[in-house]
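These numbers come from the heavy atoms of this one structure, side chains and all, not from hydrogens, waters or symmetry mates. All ligand and atom numbering here is 1-based and tracks the order in the structure.
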Amino acid sequence: VRFNHFFSVVAMEQTFIAVKPDGVQRGLVGETVRRFEQKGFKLVAMKMVQASSAHLEEHYKDLKEKPFFSGLCTYMASGPVVAMVWEGSGVVAMGRMLLGETKPQDSLPGTLRGDFCINVGRNIVHGSDSVESAKREIALWFKREEIVTWKSCTHDWLYE
Ligand code: UDP
Ligand code: MG
C-alpha cells in the first residue's frame, strides 16, 4: 500500500493470468501481453508450462462438480499454457474486464474473448476472479522466487 501526496490509497494487487492452450496455438500470447502492458500493468512473472492433469484439477477445484470439469482439464492439458502474474492498482477486476465474459458470445468487442474466440470451452485466456483466488492461483503456479520485484520507469506517470 502506498500513500500519495493527497493521502489517497493506491492498493497494489496481483492477478494470475494465463494464455490457455488454444490461445498459445493461435498466436495470442503477444496480444494478451500487449493489452495488459499498454493498460499500464506491470509483468512480475511469466513462464510457459505444460501443466499436469493433477495441477489443473487443483487449479479448477472449485468447479469439480460441474459437468464440464473433465473436458476443461483435458483442454487445459492439451498443450502448453503461458502463465503470468500482473501487478497494479485494481488489476484483478480490470484483468477480468480485459478478458471479457466467461462466454465469448457475451463478451464485447475490445475484450480478448470478444475479439478472438467463439466457444466457452475454447476461450483462450484465464484470469483470477477475486483477490483471494489470485493469491491461491499465484501460489499454485509460481514459486516465491519466480515473482520479480522491480520498479517500472512508468510508475510515476501512471499513479499520482
Ligand atoms: N467452462 C466451460 N463451460 C462452461 C463454463 C465454463 O467449458 O459452461 C470453462 C471455460 O473454459 C471457463 C472455465 O471453464 O473459462 C472456468 O470457468 P469459470 O466459470 O471459472 O470461468 P472464467 O473464470 O474462466 O471466466
Ligand atoms: Mg474462473
Visitor: Under 4.0 Å between a side-chain nitrogen and a carboxylate oxygen: does that hold for Glu57 and Lys61?
Guide: no
Visitor: Please test Arg113 against Glu101 for salt bridge (Lys or Arg N to Asp or Glu O under 4.0 Å), starting from the C-alpha separation and ending with a verdict.
Guide: CA-CA 7 Å; Arg113 287 166 172 170; Glu101 301 300 319; over 6 Å; no
Visitor: Would you say the side chain of Phe36 lies within less than 4.5 Å of the side chain of Met84, judging by non-hydrogen atoms?
Guide: no
Visitor: For ligand 1, indicate whether the residue Leu63 contacts it via side chain, backbone, both or neither (heavy-atom separation under 4.0 Å).
Guide: side chain
Visitor: Give the numbers and elements of all ligand 1 atoms closer than 4.0 Å to a heavy atom of Tyr60.
Guide: 16 (C)
Visitor: Looking only at protein heavy atoms, which one is nearest to atom 10 (C) of ligand 1, and how far off is it?
Guide: Val120 O, 3.2 Å
Visitor: Polar-atom distance check: Tyr75 versus ligand 1, any N or O pair below 3.5 Å?
Guide: no
Visitor: Are Glu137 and Ser128 linked by a side-chain donor-acceptor pair shorter than 3.5 Å?
Guide: yes
Visitor: Could you list which atoms of ligand 1 come closer than 4.0 Å to a heavy atom of Arg96?
Guide: 22 (P), 23 (O), 25 (O)
Visitor: Parallel, tilted or perpendicular: which describes the rings of His126 and His59, with under 30° parallel and over 60° perpendicular?
Guide: perpendicular
Visitor: Side-chain contact test, heavy atoms from C-beta onward, threshold under 4.5 Å: evaluate it for Val33 versus Met46 and give yes or no.
Guide: yes
Visitor: Tell me the protein heavy atom at minimum distance from atom 25 (O) of ligand 1, and give that distance in Å.
Guide: Thr102 OG1, 2.5 Å
Visitor: Counting heavy atoms only, which part of Arg113 comes closer than 4.0 Å to ligand 1: side chain, backbone, both or neither?
Guide: side chain
Visitor: Have a look at ligand 1 and work out which part of Arg122, if any, has a heavy atom under 4.0 Å from it: side chain, backbone, both or neither.
Guide: neither
Visitor: When you look for heavy atoms under 4.0 Å from ligand 1, do you find them on the side chain of Asn123, its backbone, both, or neither?
Guide: side chain
Visitor: Only heavy atoms of Gly121, strictly under 4.0 Å: list the atoms of ligand 1 that pass.
Guide: 7 (O)
Visitor: With ring centroids as reference points, do Phe41 and Trp86 lie under 6.0 angstrom apart?
Guide: no
Visitor: Is the contact between Lys20 and ligand 1 made by the side chain, the backbone, both, or neither, using heavy atoms and a 4.0 Å cut-off?
Guide: side chain
Visitor: Does any part of the side chain of Tyr75, heavy atoms only, come nearer than 4.5 Å to the side chain of Arg122, both counted from C-beta?
Guide: yes
Visitor: Backbone, side chain, both or neither: what part of Leu72 comes under 4.0 angstrom of ligand 1, heavy atoms only?
Guide: side chain
